[in-house]
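Quick note: numbers below take in every heavy atom, side chains included, and nothing from hydrogens, waters or symmetry partners.
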Amino acid sequence: MTATVASHRKPRQHPLAALTGGGSRSARTARTAATLALAGAATATGFEGTAQAAHRPTPAQVKDRVDALYQEAEVATQNYNGAKESADTAREELSRLQDEAARRTRKLNAARTELGTLAASQYRSGGVDPAVRLLLSADPQRYLDGAAVLERTGSHQATAVAGYARRLGSVRQVRQRAEETVERLADTEAKLKKHRVTVVHKLGAAEELLHRLTAEQRQRIAARDGARSGPGQGRTGHGAGRGDGPLDGIPGGAGGAAAAQAPSPRAARAVAFAYSALGKPYVWGATGPSAYDCSGLTQAAWKAGGVALPRTTYTQISSGPRVNRSQLAPGDLVFFYSGISHVGLYVGNGQMIHAPHPGAPVRIAPIDQMPFAAATRPA
């Protein structure tokens, strides 16, 4: 009975059979799996293509991001420059302290030798009580004369001991300062390394973004930058300012109208130097003479004018009185961005000479090309 009932039962249909139109279970399952796999692959391909198209930046977006990376790299560069300046100062101080410690140690050793001589002399004279020595003396007057000499010797010994103690203290002080300087130098060099890594990372990211563009797109971006920078941006050498700026007709950019416009002869010489640097490459951390970063260029320009500026934008902004934008004169330092991370040298007519970023040489550019922050007239 059980066998008869079982023989009339139909095998349960696989849930996927209706989707494949029948056939054997294994065939239907294979066809269904293949159909779903193909459909899934097609859908995934469609989504991937859409996602790639949606996230592929335009050349303008790449340019904006590259500019942002360059600005971030400039911030890191100024931090690097400041750390390097501090490290150089610490190294100089350490060298001076080491020389001072060596000099004072030589004096300490001389004082120690003198003390040793006095101690040996006192030992040879013995520890006999002075009254007993007087009684035993065959010539009391001679003894008394000798006692006066010994008293003076004791006074000299006390002075020598005091001098030795003083020199020992000074040597310890110098060595302590040297140890503190070594620690400060190590901390500064760690910061220097950190800022260097940041700069390299930011510039590498910018370079990678630019490489995603075609050569034609990169050329268009460079052409737009050049157009915004104004004429004369690629010329170098003597007379670079002729016919395209406030120093028209002035060899090397010095004298004549420029001297009249500049607030001082020093400012005029700084402007002349900046014109002579046109076309030289930007290299972060560079102070010339073959390459510059932004604050390295302004520092070198004003050095040519006879004024020693500090190294970074953060310190150069305090190198003189502030100047309103409406009162700018050739030679003034113009600063940009809220963090004061970029600087140029104003040359008149709303233009400056600055070292922009890697791949862009020292050039003339309008000061409204970047967000203006402040201006200073070096004293």
For the pair Lys202 and Glu207, evaluate salt bridge (Lys or Arg N to Asp or Glu O under 4.0 Å) and give the outcome as yes or no after the intermediate values.
CA-CA 9 Å; Lys202 297 292 184 182; Glu207 189 71 15; over 6 Å; no

Is a donor on one side and an acceptor on the other found under 3.5 Å between the side chain of Gln351 and the backbone of Pro366?
no

Does Val283 belong to the same Ile/Leu/Val/Met/Phe/Trp/Tyr cluster as Val362, with side-chain heavy atoms less than 4.5 Å apart forming each link?
no

May I ask you to decide if Arg167's main-chain N or O and Lys107's side chain share a donor-acceptor pair within less than 3.5 Å?
no

May I have the step-by-step check of side chain to side chain contact (heavy atoms under 4.5 Å, CB included) for Val334 and Leu328, ending in yes or no?
CA-CA 9 Å; Val334 282; Leu328 288 173; 4.0 Å; yes

In the structure I gave you, are the side-chain heavy atoms of His342 and Phe335 within less than 4.5 Å of one another anywhere?
no

Between Glu93 and Arg184, does the salt bridge (Lys or Arg N to Asp or Glu O under 4.0 Å) criterion hold? Intermediate values first, please.
CA-CA 11 Å; Glu93 182 180 358; Arg184 188 171 77 250; 2.6 Å; yes

Is there a path of hydrophobic side-chain contacts, each under 4.5 Å between heavy atoms of I, L, V, M, F, W or Y residues, that connects Ile340 with Trp302?
yes

Between Val75 and Tyr337, is there a side-chain heavy-atom distance shorter than 4.5 Å?
no

What distance separates His195 NE2 from Asn79 CG, expressed to the nearest 0.5 Å?
4.5 Å

For Gly344 versus His354, what's the shortest heavy-atom pair and its separation?
CA-CB, 3.8 Å

Using 4.0 Å as the upper bound for N to carboxylate O, is an ion pair formed by Glu189 and Lys193?
no

Would you call the rings of Tyr80 and Trp284 parallel, tilted or perpendicular, taking 30° and 60° as the class edges?
perpendicular

Closest heavy-atom pair, Ala87 versus Thr188, reported as atoms and distance to 0.1 Å, is N-CG2, 3.6 Å

Less than 4.5 Å apart, any side-chain heavy atom of Arg377 and any of Asp332?
yes

All heavy atoms of Thr376 vs all of Ile317, minimum pair found to be OG1-O, 2.8 Å

Quick one: are Thr287 and Arg311 in side-chain contact, heavy atoms under 4.5 Å?
yes

Can you find a heavy atom in the side chain of Pro378 that is under 4.5 Å from one in the side chain of Leu333?
yes

Connected via hydrophobic side-chain network under 4.5 Å: Leu210 and Val200:
yes

Gly331 and Val271: which non-hydrogen atoms are nearest, and at how many Å?
N-CG2, 3.4 Å

Any salt bridge linking Arg220 with Glu216? Criterion: basic side-chain nitrogen under 4.0 Å from a carboxylate oxygen.
yes

Verdict with reasoning, Glu179 to Gln176, per side chain to side chain contact (heavy atoms under 4.5 Å, CB included)
CA-CA 5 Å; Glu179 290 174 1; Gln176 177 64 31; 3.6 Å; yes

Reported CG-to-OH distance for the pair Asp293 and Tyr282, which is rounded to 0.5 angstrom:
5.0 Å

Could you report the tightest heavy-atom contact between Pro356 and Glu74, atom names first, then the distance?
O-OE1, 3.6 Å

In terms of side-chain heavy atoms, does Thr181 have a donor or acceptor partner in Arg91 at a distance below 3.5 Å?
no

Let me see the working for Val323 and Tyr346 under side chain to side chain contact (heavy atoms under 4.5 Å, CB included), right down to the final yes or no.
CA-CA 12 Å; Val323 180; Tyr346 188 71; over 6 Å; no

About how many Å separate CG of Leu168 and CZ of Arg104, when rounded to the nearest 0.5 Å?
12.0 Å

Answer yes if Leu185 and Leu192 sit in the same cluster of Ile, Leu, Val, Met, Phe, Trp and Tyr residues linked by side chain heavy atoms under 4.5 Å apart, and no otherwise.
no

Write down the atom of Ala267, the atom of Pro330, and the distance for their closest heavy-atom approach.
CB-O, 3.6 Å

Is there a donor-acceptor pair under 3.5 Å between the side chain of Glu183 and the backbone N or O of Glu180?
no

Close side-chain approach of Gln78 to Asn81, heavy-atom, < 4.5 Å
yes

Cut-off 3.5 Å, side chains only: do Glu85 and Thr312 have a donor facing an acceptor?
no

Do the non-hydrogen side-chain atoms of Leu69 and Leu203 ever get within less than 4.5 Å of each other?
no

Short side-chain to backbone donor-acceptor contact, Thr198 and Lys194, under 3.5 Å
yes

Would you mind reporting whether Lys191 and Arg196 have side-chain heavy atoms less than 4.5 Å apart?
no

Please determine whether the number of non-hydrogen atoms from other residues, nucleotides or ligands lying under 6.0 Å from atom CZ of Arg172 exceeds 12.
no

Supply the atom-to-atom distance His357 NE2 to Gln71 CD, rounded to the nearest 0.5 angstrom.
12.0 Å

Please report the interatomic distance CZ(Arg177) to CZ(Arg96), rounded to the nearest 0.5 Å.
5.5 Å

Taking a hydrophobic cluster as the set of Ile, Leu, Val, Met, Phe, Trp and Tyr residues connected by side-chain heavy atoms closer than 4.5 Å, whether directly or through intermediates, do Val174 and Leu94 fall within one such cluster?
no

side-chain hydrogen bond (donor to acceptor under 3.5 Å, both in side chains) assessment of Thr298 paired with Gln316:
CA-CA 9 Å; Thr298 51; Gln316 287 184 7; 2.8 Å; yes

When rounded to the nearest 0.5 Å, the distance separating OH of Tyr275 from CG of Leu345 is 9.5 Å

Apply salt bridge (Lys or Arg N to Asp or Glu O under 4.0 Å) to the pair Asp99 and Arg103, showing each step before the final yes or no.
CA-CA 6 Å; Asp99 291 343; Arg103 183 179 65 82; over 6 Å; no

